[in-house]
Amino acid sequence: MTRMRMNQAIVAAIADEMRTDPTVVMFGEDVAAAGGPFKTSVGLLEEFGPMRVRDTPISEMAFTGAGVGSAAMGLRPIVEIMFMEFLGVALDQLVTQAAKLHYLSRGALSVPLTVRASVGPGTGFACQHSQTLENWVTSTPGLVVVSPSGPQTAYGLLRSAIQHQDPVIVLEPRAYYGVRGEVHTGPDAMIPLGRAQIARPGTAATVVCLGRTTAVALQAADRLAEIGYDIEIIDLLTLVPWDVAAVAQSVRRTGRLVVVEDAPLTGGWGGDIVSRIVTEEFGALVAAPFRICTPDVPVPYGKDLEKRFAPQPDEVGRQIRSYLETGEVPAHWWTREGGMTA
Amino acid sequence: MTRMRMNQAIVAAIADEMRTDPTVVMFGEDVAAAGGPFKTSVGLLEEFGPMRVRDTPISEMAFTGAGVGSAAMGLRPIVEIMFMEFLGVALDQLVTQAAKLHYLSRGALSVPLTVRASVGPGTGFACQHSQTLENWVTSTPGLVVVSPSGPQTAYGLLRSAIQHQDPVIVLEPRAYYGVRGEVHTGPDAMIPLGRAQIARPGTAATVVCLGRTTAVALQAADRLAEIGYDIEIIDLLTLVPWDVAAVAQSVRRTGRLVVVEDAPLTGGWGGDIVSRIVTEEFGALVAAPFRICTPDVPVPYGKDLEKRFAPQPDEVGRQIRSYLETGEVPAHWWTREGGMTA
Amino acid sequence: MTPNRTSDDQHPSGAAGGNQRRAALRDPIARYGRMLEIRAVEEEVFRLFATGDIHGSTHLAEGQEALAVGLASVIRPDDVVCATYRGHAVALALGMTPLSVISEILGRADGPVGGVGGSMHMSDMEVGLLPTFAIVGAGLPVATGAAYAFQVRAEDRIAVSISGDGSTNIGAFHESLNLAAIWKLPVLFVIDHNMYGEYSRWNVTTPLEDLYHRADSYGIRSMMLDGMDIDAVRRGLGEAVDYVRSNNGPMLIEAKTYRFSGHSRADTGPYRPEGELEHWRERDPVTVTRRLLLSQGLATPTALDQLEEQIRGEVADAVSEAQRMQPAGPAAMFAHVWAEPLYSADGGR
Amino acid sequence: MTPNRTSDDQHPSGAAGGNQRRAALRDPIARYGRMLEIRAVEEEVFRLFATGDIHGSTHLAEGQEALAVGLASVIRPDDVVCATYRGHAVALALGMTPLSVISEILGRADGPVGGVGGSMHMSDMEVGLLPTFAIVGAGLPVATGAAYAFQVRAEDRIAVSISGDGSTNIGAFHESLNLAAIWKLPVLFVIDHNMYGEYSRWNVTTPLEDLYHRADSYGIRSMMLDGMDIDAVRRGLGEAVDYVRSNNGPMLIEAKTYRFSGHSRADTGPYRPEGELEHWRERDPVTVTRRLLLSQGLATPTALDQLEEQIRGEVADAVSEAQRMQPAGPAAMFAHVWAEPLYSADGGR
Ligand SMILES: Cc1ncc(C[n+]2csc(CCOP(=O)(O)OP(=O)(O)O)c2C)c(N)n1
Ligand SMILES: Cc1ncc(C[n+]2csc(CCOP(=O)(O)OP(=O)(O)O)c2C)c(N)n1
Ligand SMILES: [Mg+2]
Ligand SMILES: [Mg+2]
């Protein structure tokens, strides 16, 4: 176990994979000489050389596609998309090419490509650099979508993603690159794709989180525990295909489902969780499930605004407490505080 | 009332807007001289001339962006994206630019842009030209998403979209371009954005549809009516922001919710409908809501495969009948028919 | 090491030995025969479309056979090719059989893509053909990436991207050439300038006629050649292939051809300037090559007539055989979605 | 007719009269003053970032002032400009006030974007500045579209896109130039070649140094100029603006500048070749212009010293004033999401 920041855990995962598998390569904007804009590739160029670690031009379509082509030819490329928004100029290569090549080659090709993209609010980068945008990639059969919640899961998921035979996109909560934690490394620390983790066992409600919101909900849970509410927190980790069984099992125990997410009310990924669970576990639910999400507005810049925009421990605690006390779904903060709808 | 194909209704809507408003312009690949790959702009070049109706190079990013820039400068451009997939090379301009310019100019600019894109299966174009991909655009505050279900709604929604002051994307079910129907034209035929329509009133269940699936569900409803099940069909028409009130009201009457969609099980738009309604109307539901959707596979090519892939009247009827008879959510066809999961 | 082929599931329709068919192209008569074969297949496909046997759309390459066959004849079996929805000619040239191509277009279970791909998605890694790309320009980044893999492993292979004149207006073209240049990758970009993108003549969409000049923006060596003349194609592409294979970096070749067919399906090409089609028909690569073979004394008219008859017969047989094959059943759509299925990909209730 | 401005909500911080500030640039001393002002604002922003008063990131344009001011001085008030996240200099040059720029960077409710935009999203349509684009290359298609609107309405206006050397490697650059050329649009593409894209020197990402050659791919006229010399900038851009405004179609100008600042925030530029920064500092547009004004006898050293002192004072005052302004409250994030809100945009429970 070593204490490291999430970006260091990412470097460690990549380095460990590069050491064991000579087909692992990495490229993206300023990932080589500069060690990555978020310092997620520090030292890799020095250790693995310019054939395997490369800087690219500002050409997301070309270099994401280069990931697709080189993966199809047997490499295991890791492509860094600095901000998820930049996939808006390259989505075709991931969704319409990478995710379909195995299918369209009748299995003759596979695309063991890992795309890493930073996502979400919390760093003051404003509305063109702060979206989560999971929905750009979630309804794409053939593409795995994962999202770590801190240093340990960043390490474990990334190693699994690199080893996986299908394309995987890793959505990294950028607000957490600098967050520190104890990290267990090595092959045992790999986290299987497709499996959620119970981040905190509990009985009062099932709270499903992803990425940045797991730690938020954990903080809320501590305070709720003090007043006697013992919630279960599921860190989804894999968003596609997500672990329906784990969530369903938990809901069968708790009878209540809450999703905490950085995505907006309309179209956010939480809708998929609530919908599927309610269809499959209707009888087990003792109260309405609901989502604690972001309002339907572009991510605002101002410090206080951005903080208010995304779920924070206080608000999550308040919502869940009210839910458990009343059995009713609480109002969103922007409704409660009055007249703030766009 | 005139009998016309859906593509002719689209031409009529554009022509009527171009006649009344000189700022309306249109461009896209082969929309001018050739009248459009789906014949959705036949005669417009002849009537309105090359300044207002233009062919573009194969440059979706540039011409979608040209729509954004010209809309910001006061035109009302209509941009044709021949197949929704092509937004995979241009999504940035719609989601990250168009939808944010009003916000980022503190209201000084608005972007009355209409993007039309053909969507969905049913024409044998295989997996890179048959996706619905609503999810690429649904969690984008600032962008309206609509989808017509036939000639009349294509006319009415498109005129409203063109007149609307915010960017609107119109998802046209391409399988229906050739479908004929009676079309009432003129300003009275405009369909307000944000309002669903009850395509068929009923009491047994609320069935929410969009685009291609409305007619599918209507056919299923006729057969269900013969055996005494009277379902209500809501044609959503606007997907973002969708008419929560209309669906909620219906569900309060019927106690049952089914969504019929061309999108895949994982990440399809129906999750948003089910999730929101279950949160707000949990008490009104007498049975589990569920989605009749497509399996998590790329859209297959073969004629029979493609037909099986997407909801058809028979299957929708079978599912809803079973649901109403047993109170239980029926199995997906691919589970029922055994062992077909990817 | 990662295997780049994970198939367990061989399609019988490709069994005729793509590599032998490729090797045969060393012979000029065989090259002529392959052009005839492509023409015959395209004519059958056109007919099957008209009779409603083919679902969806199909993009023929009549007039562009010399480029496809010329290209196939100068690359090696382990080189790879990224082509487009207008891909039957390239597929056949590379070695896929008429039965293979036609069975996929007919959506047969034993088609090379199992009937889930169709006309726009030919693929057979046995002959180095990646699934053809239906998004304009999408093949260029992928070819660039394939070349990068060859460079990393110091393999003696090259990647080829072949795409249309229209594809030079899309962002992926620009980005790929730039990346290939700066990384000095063994990739050959072939632009098949058939004068049209859909229903638009090149001049409606592109401010310059000779597209090979666009390579200058990236310091990439480039050349234009006559795509209707198979010998010119072989000479030009042969040199380019050598250049690229010798680690000089990428190269771009523009081949001037002409699309005799409409863009797709029933397009009759009403937008063509008068006389243009007729002018180009005089340069039909099939008839030009025949004339050349005869004038060079490499074959007799009778021999070539017999060859043509034989090929037409084989193609007709392939059509009949493909029609007798089973259409893909619903289970086909669930095959090969994932190379490594996760337990959570459960398909739902 | 559609109004292209729907604002009801004026931001007081822009009230100082952007157009007067623009008009002032007819005077060489005022141009020098504006460069000084930009430099002073960037220094304050750098300081505020260091002290933690600024949230997020910020991209300074020290060294690039001559290009910004030169451009602003040769276009008309009703022309429009699409610039980038490195946009403070262009914003100030066009006429936004230091108070306006700084208040937005500080996230103030009365900032020009109401505190929801920040450093990367300067905007003030009073001076023709569209919200600056934080996605590399995104401004080029938008400028192209703006120019199309001017063409349709036969207006005497032009659109300007200004973006970095790195932006010439992205697809949107290629597509926009092609579209602008084939439609013959009144758009001027300015490439600010400051030698770096983030931490990469141009040669790491781009196979040719003089980017104006890339215009040849589209038959677009182009020119290179010295972006450190405001007179050269004015001459070159002035000609280009005339050319574009006279309906000759688009033009591309490459200006060679140098980014004295790091890419963003605390980047100290460890990747610069030794001596490069010092070499370029000798060509600092602020000091070069000062020297020129003196040598031409247009001003005395005392006058320029006083001017500098005055401007620094004004900028310091603007900072103090901005710091006293109210930060944007939560309601700000709900403003201007929709120009025409639909009843169904209800915000939920
Ligand atoms: C990104 C994208 N835009 C548009 C299309 C629709 N489309 C298919 S083929 C074609 C014309 C392509 O022309 P060209 O590149 O010259 O190739 P050709 O068809 O002549 O072989 C177009 C516009 C597409 N498939 N992908
Ligand atoms: C599509 C996209 N890719 C990457 C980035 C990240 N990024 C921001 S600025 C920058 C460098 C741009 O360089 P250049 O165009 O030379 O402009 P400069 O910053 O030098 O003004 C990069 C890569 C981005 N904003 N958008
Ligand atoms: Mg062509
Ligand atoms: Mg630069």
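Throughout, protein chains are lettered first and strands after them, A, B, ... in sequence-line order, and every chain is numbered starting at 1. This is a predicted model, so every value here is computed, not measured.
- Interface residue Leu285(A): backbone and side-chain heavy atoms are both found under 4.5 Å from chain B.
- For Tyr103(B), the part lying under 4.5 angstrom from a heavy atom of chain A is the side chain only.
- Counting heavy atoms from C-beta outward, Val329(A) and Phe282(B) have side chains that stay 4.5 Å or more apart.
- Closest approach of Glu85(B) to Asp92(A), counting heavy atoms only: O-OD1, 4.5 Å.
- Interface summary for chain B: among Val89(A), Thr140(A), Thr96(A), Val259(A), the most heavy-atom pairs under 4.5 angstrom belong to Thr96(A).
- For Ala126(B), no part sits under 4.5 Å from any heavy atom of chain A, backbone or side chain.
- By number of non-hydrogen pairs under 4.5 angstrom with chain A, the leading residue of Thr266(B), Leu133(B), Thr138(B) is Thr266(B).
- With chain A as the partner, the residue from Leu87(B), Leu239(B), Leu265(B) showing the most heavy-atom pairs under 4.5 Å is Leu265(B).
- A heavy-atom distance below 4.5 Å is found between the side chains of Gln131(A) and Lys100(B).
- If you measure heavy-atom distances from Ala263(B) to chain A, you find no contacts under 4.5 Å at all.
- In terms of heavy-atom pairs under 4.5 angstrom with chain A, the leader among Trp136(B), Phe290(B), Phe86(B) is Trp136(B).
- Although no hydrogens or angles enter the test, the distance criterion places a donor-acceptor pair under 3.5 Å between the side chain of Asn135(A) and the main chain of Asn135(B).
- Looking at Leu257(B), neither its backbone nor its side chain comes within 4.5 Å of chain A, counting heavy atoms on both sides.
- Contacts of Ile273(B) with chain A are absent, with no heavy-atom separation under 4.5 Å from either backbone or side chain.
- Among Gln97(B), Gln93(B), Glu280(B), the residue with the largest count of heavy-atom pairs under 4.5 Å with chain A is Gln97(B).
- Under the 4.5 Å side-chain criterion, counting only non-hydrogen atoms from C-beta, Arg276(A) is not in contact with Arg291(B).
- Both the backbone and the side chain of Pro298(A) have a heavy atom closer than 4.5 Å to some heavy atom of chain B.
- Of the listed residues Leu104(A), Leu91(A), Val274(A), the one with more heavy-atom pairs under 4.5 angstrom with chain B than any other is Leu91(A).
- Comparing Leu94(A), Val95(A), Val240(A), Thr132(A) by heavy-atom pairs within less than 4.5 Å of chain B, the highest count is held by Val95(A).
- Asp272(A) and Gly268(B) get closest at one heavy-atom pair: OD1-N, 4.4 Å.
- Heavy-atom distances place both the backbone and the side chain of Pro300(B) under 4.5 Å from chain A.
- Across all their heavy atoms, Pro289(A) and Thr279(B) have their closest contact at O-OG1, 2.7 Å.
- Neither the backbone nor the side chain of Glu328(B) comes within contact range of chain A; no heavy atom of the residue lies under 4.5 Å from a heavy atom of that chain.
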